[in-house]
Amino acid sequence: NAGVTQTPKFRVLKTGQSMTLLCAQDMNHEYMYWYRQDPGMGLRLIHYSVGEGTTAKGEVPDGYNVSRLKKQNFLLGLESAAPSQTSVYFCASSYSVIRAGEQYFGPGTRLTVT
Amino acid sequence: DAKTTQPNSMESNEEEPVHLPCNHSTISGTDYIHWYRQLPSQGPEYVIHGLTSNVNNRMASLAIAEDRKSSTLILHRATLRDAAVYYCIPGAGSYQLTFGKGTKLSVIP
């Protein structure tokens, strides 16, 4: 099993450009999450999904949109990138509410917005 | 979520045991205690979790105080690969994992 994979690994954007980050998991997990991690900081939750077709806001959702059209994929979109969105983005997944605290993370996408 | 206090950093010699402490004095009765670690340039990795009893798995042991206000992650024989930031996360039974700054563990060869 590949676990949780993220595409791309690195990206540089200019201010105002848009992009989509793709997260895929092959563990048949119900729940999926997007986090961001700024230098020297812990992770902060952006959005999450408790099942196919559902999404919800996390701690820092502004400037991001998400979609979960298929159970195994969770997309994070930036419609108009800003320098404040320069960060490392991690996707994670977990089985269900009973084991929601046991999350499996992808390797991350390093995004720089100039 | 319960507030946590962890040392900013710790050092250990290779092949010696390591005890990583965490205080979570405001933990509620139903909160699990999860531990994660993050190796350099990688995503966080689940290590172990528990509620009241001590727990063991292939990676580590978790010792939980009787009053549940503190816990200790035990690595039985530290290796260079264990050098990472370790996060103690109480209350991680819901959707959001609240990562603090964790403890940076350095392992000395």
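Labels below follow one simple rule: chain letters A, B, ... track the order of the sequence lines, proteins then strands, and each chain is numbered from 1. None of these values were measured; they are calculated from a predicted model.
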Are any of the side-chain nitrogens in R44(A) or D38(A) under 4.0 Å away from the carboxylate oxygens of its partner?
yes
With respect to K3(B), which candidate in T98(B), N23(B), I27(B), T26(B) satisfies the side chain to side chain contact (heavy atoms under 4.5 Å, CB included) definition?
T26(B)
Heavy-atom distance under 4.5 Å to chain B: side chain of Q6(A), backbone, both or neither?
neither
Donor-acceptor list for residues 65-79 of chain A side chains, cut-off 3.5 Å, not counting sequence neighbours:
residue	atom	partner	partner atom	Å
N65(A)	ND2	E79(A)	OE2	3.4
R68(A)	NE	K71(A)	O	3.1
R68(A)	NH1	E30(A)	O	2.8
R68(A)	NH1	S49(A)	OG	2.8
R68(A)	NH2	H29(A)	O	3.3
R68(A)	NH2	E30(A)	O	3.0
R68(A)	NH2	K71(A)	O	2.7
K71(A)	NZ	N28(A)	OD1	2.9
K71(A)	NZ	E30(A)	OE2	2.9

For residues 7-17 of chain A, which side-chain N or O atoms pair as donor and acceptor with protein atoms under 3.5 Å away, sequence neighbours left out?
residue	atom	partner	partner atom	Å
T15(A)	OG1	T114(A)	O	2.6
Q17(A)	OE1	K14(A)	N	2.7

Which of residues 45-55 of chain B get closer than 4.5 angstrom to chain A, counting heavy atoms alone?
Y46(B), H49(B)
Which pairs pass disulfide (SG to SG under 2.5 Å) with one or both residues in residues 10-41 of chain B, sequence neighbours excluded?
C22(B)-C88(B)
Taking the basic N atoms (NZ, or NE/NH1/NH2) and the acidic carboxylate oxygens, is any pair closer than 4.0 Å for R37(B) and D82(B)?
yes
